[in-house]
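Here is the structure we will look at, set down as structure tokens.
Remember, it's a predicted structure, so these values are computed and weren't measured experimentally. Throughout, protein chains are lettered first and strands after them, A, B, ... in sequence-line order, and every chain is numbered starting at 1.
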Amino acid sequence: MLKNIPENIFLPDLEKEILKFWKKDNTFEKSITSKEGNRTFTFYEGPPTANNKPGIHHVISRAVKDLICRYYSMKGYQVYRKAGWDTQGLPVEVEVEKKLGIKSKSEIADYGEIAFNKACKESVFTYIKEWEAMTDRMGYWINLDDAYATYHNTYIESVWWALKNFFDKDLIYKGFKILPFCPVCESPLSTHEVAQGYQDLKDPSVYVKFNITSGDLKGSDFLVWTTTPWTLPSNAALAVNPELDYVKIKTSKEENLILAKDRLEVIKDEYEIVKEFKGKDLESTEYGRLFDFFNLNDEKKAFYVIPGDFVTSEDGTGIVHIAPAFGEDDYQAGLKYDLPVFKAVGKDGLFTSVALPYKGKNFKEADQDIIADLKASGRLYKKEMFVHSYPHCWRHHVPLMYYATDSWFIRTTDYKDRMMEINDTIGWHPETFGTGRFGKWLEENKDWALSRNRFWGTPLPIWYYTDDDGNDHYDCIGSIEELRSRSDNFDQVYANENELDLHKPYIDKVTVRSKDGKEMKRVAEVIDCWFDSGSMPFAQLHYPFENKELFENNYPADFIAEAVDQTRGWFYTMLAVGTFLFDKTPYKNVIVNGHILDKNGKKMSKSLGNVVDPMEMMERYGADVLRWYMISSSPIGNSKLFSEEDLMEVQNKFFDTLINTSRFYDIYSGLTGFEFSRDSIMDLEARPVIDKWILSKFNSVRKKYFELMDDYDITKASRIIYDFTLDELSNWYIRRNRKRFRNPASEEDKVSGYQTLFEILIELYQMIAPFSPFLTDRLYMSLSGSESSIHLSEFTGVDESAINIDLEEEMKLAQDIVYLVRSVRVKNNLKVRQPLRQILIPVLNEDVRKKLMNVKDIILEEVNVKELNIIEGDSDIIVKKSKPNFKSIGPKFGKDVKQVQKIINELNSAQISEIERTGKLSAEGFDFTIDDIEIYTNNIEGWIVESYDDITIALDTKIDNELLEEGIVREFINRIQNFRRNNNFEISDKVKIYYKTSENIYSVINKNIDYIKSETLSESLSGENGHDFEFLKSDINGENLEVFLEKI
RNA sequence: GGGUCAGUAGCUCAGAUGGUUAGAGCGCGUGCCUUAUAAGCACGAGGUGGGAGGUUCAAUUCCUCCCUGACCCA
């Protein structure tokens, strides 16, 4: 590494150098091996799928992961970081189908399962190069060489082990699930697919009469509304809301209809209300069915009224037709009341022979026939058409059916309460995520639909045989060894170890023996790939088959981080698996980051063309800048509106300031010959006030930083670093001390200054390093001369003894006064270079007076004024005023506050004196104490004043001759320095000065010639004419000035 | 349709356990400072705190409803 910090740093190039250094140095590896035996901090990597290019949204999660891991590493923990890849499931299959031009599930069979799965396996890492490049480039330290992949046999075996645990506890069962189903694909669609296929559809909306056959209402009709007439042949029940009011009406056509009172608007005829009752009074009422297609077996009861909370009075009639095979509410109600599941329509979307009149008709096309038949039988009350947005298959553009499908479930509802208890112990960041979004999601937990009728996934390890009575018997296999030992043909299917592939279709060939000796075949399904990733804590280590101790020491994770969309994804699946298997949370802390939108708040998508390429951003600004921006620009859990201008601002303000601050130290420590040494640290007490102050401020910031970081509040932590670096360090401490660093008053002064700055810089780099690991490493090594990376260094503790709150307050007071004086100067057109005589500051209490005296010199120097004088509180020229302290008078005077406010605002000086003296005052019938009022002053008689908060200053703006001359000299020096700077003279270059000016200014310059020489490093000043230089033209107080500098 | 988060200056964000002057940065205008600075400072323009109700002496902050955006789920 170079010792010196170069003048122009292009961050992207610097970062590439650092990357090379880290590789050569094995820095990442060292950061783990060097902590052997230390406390461990456990991190889990949520596996991404590498079958698509990484996007900018991946950078933010990875930046968060990396920074927390680096932070804990620098705190002395050993932090393993194992990468992982999600490699199975529908997302992979869909990509492969696209690539192969496959349009339906049946085509996959034609293509061949072996070939298809091979294609899936190969596609999984299509973009792994891009992923690795992005990961590497952004400085995300994770062990990619030792990555887990969910399709590995070892991984699958661990998942099988978990599944067997569930199975043995009777928590896996076979049931139905209503899924959006494409009749052409003959396959359910994932919600992601459904979301992209909504189209407007014109559908019938029919009101149908169901004849009541039991109870008081016998002979009347239930009026029922549906937009899916094709489901009516599969009707099993009607649902009403037990809490709603219902009425029986008699229409002008002599119809007796039952419907919700709030829905009477649907009645087209004249009517009168005959009777009113609650929904619950209707429960169990029986009715006659519309179609006679299904035989009712004796075990299941159908065609009666059930209660349903999902029934509303917002549309329809308040009475809902239930077809358990074709709707989620319907299905759930069917489960609850044990209704029969009638299916008049098959998976292909066609009516089956059960519904003979409609046999072979497409479900949507049959609507019209069914309506016609209902009309003929007098069951149709009325029919309308309406247009609505309805999901279509994105490949075939046909309307989807909601269809009950065979599925395997995990009975997560069995231990939902335990999951909620465990959730309460997780440290969610932001906190509201755990109680809000995730908590609410958990409350509504439903059994996990585990199986998929697909190809590329972890095979469900359940084998079955059917007994002579037609009942199925299931058994679950929990390991490869168990499979081998229970199978007759394992060795035939897998001739040797190398051929072992637990995927379909190979695994389907393996048969096992049941406990009673029957031959069992595997069920056809694979499992939801989310179960794979949810098993990651143990499956990545092939637990429990290997690494038992390692796993036990690393469960649960101390920390994970992903985006909000993992609510029902990884956050949930890990919790569901971990709660059951280990009765413990899988992770103790989570940082949830929001999504990245474009600068207009729109989602980034290829079709909108607003996608931001992370590699491009890093090529342009560098990973450090991008990472810092991601973390600091908005609260991590919020959606982030990505703006390149803001990225540039981070670079210009924060990073350039950081670099220049370091260069400042670099340059002047070199010029003054200072070398930092740990052996001769100057005592804090011996250092000047300004050094004590910056050290106090810095340690206060550090203290806050560690608190915030330990609480995972990374955004706030980054912001306090930013503010400190710019405001306190660069714009106050260094700017104020420039002269001192250039030209120290004494050896002690020099050592104190440089040591202070050095200590702060090194520790500041460390604080920034987890966020932006590149530049900080370069600056750290340059400054410290260390050969060892900053990421191998550890934080030193906060030096509490350096914190001096009084001192910090004093400096704050000084800064506030300086701003006020500058403001007066601007308003009165008085340049800062023009010295002024005095500032007057009224002081109402002793504490402020003391503070002020401590920082007097700093103020005077900063604002270029000769004297600072204090006016004591009892002086005649101070005009005191009072204002109410609402926190005190509010509770005390209640409704009278407004009146009291007026009284206090108008107290005269005698009254104010009285309350100051005695602490009490009675006025206009109210009794006040000193706590009720605040005394302030914003006026000094006879002076121009400026106030801010409770500080007021007056500036003496009269300029006498002495001040004027001094101002002229300063102006002159300024012109000289500008010349040097504009002509790129070195700081140490000695010069001769030539100038032309007015008589008046000439004489002032001549009087101060020695002072000017020393300030400008010049050997001679010549005010004589006769040179033909290109003079720099300028003016001082409106009088002409021309200068030229000659380098010696 | 349900849930979660967000809505504060043209833009990105602070802050306030309810207290009377709601702050920064960017951008814009004017002036100033500086031999570490693509920097900094001051002044100015820019806000009915998404909208409507309610509670309170006092609401941007608490409550209710509504609107908009993002995400999740139907």
Six-ring centre of A:Tyr936, A:Lys883 cation under 6.0 angstrom, axis tolerance 45°: yes

Contact class for A:Ser730 vs. all strands (heavy atom < 4.0 Å): base, sugar-phosphate, or nothing? base

Could I get the full list of side chain to side chain contact (heavy atoms under 4.5 Å, CB included) partners for A:Leu726, not counting sequence neighbours? A:Lys653, A:Phe654, A:Thr657, A:Tyr722

Can you find a donor-acceptor N/O pair under 3.5 angstrom joining the side chain of A:Thr657 to the base of B:rA36? no

Between B:rA42 (P) and A:Glu862 (CD): distance, integer Å: 12 Å

Nearest whole angstrom, please: distance from the P of B:rG40 to the CG of A:Leu658. 15 Å

Without decimals, in angstroms, what is the distance between A:Leu597 CG and B:rA70 P? 8 Å

Provide, to the nearest angstrom, the distance between the NZ atom belonging to A:Lys446 and the C1' atom belonging to B:rA74. 8 Å

Taking only the side-chain nitrogens and oxygens of A:Arg742, find out if one of them lies under 4.0 Å from OP1 or OP2 of B:rA36. yes

Can you name the side chain to side chain contact (heavy atoms under 4.5 Å, CB included) partners of A:Tyr819, sequence neighbours left out? A:Gln815, A:Asp816, A:Arg822

Does the structure place the NZ or CZ of A:Lys892 under 6.0 Å from the centre of the six-membered ring of A:Phe928, at an angle of no more than 45° from the ring's axis? no

Within the 4.0 Å heavy-atom criterion, would you say A:Asn974 contacts the bases, only the backbone, or no part of the nucleic acid? sugar-phosphate

I want to check one thing: is the phosphate of B:rC71, taken as OP1 and OP2, less than 4.0 Å away from some side-chain N or O of A:Ser639? no

Out of B:rC26, B:rA36, B:rG19, which nucleotide sits closest to the side chain of A:Pro891? B:rG19

How is A:Lys716 classified with respect to the nucleic acid when contacts are heavy atoms under 4.0 Å: base, sugar-phosphate, or nothing? sugar-phosphate

Does OP1 or OP2 of B:rC32 have a side-chain N or O of A:Arg825 closer than 4.0 Å? no

Let's see if you can work this out: which of B:rA36, B:rC13, B:rA70 has an atom nearest to the side-chain heavy atoms of A:Arg719? B:rC13

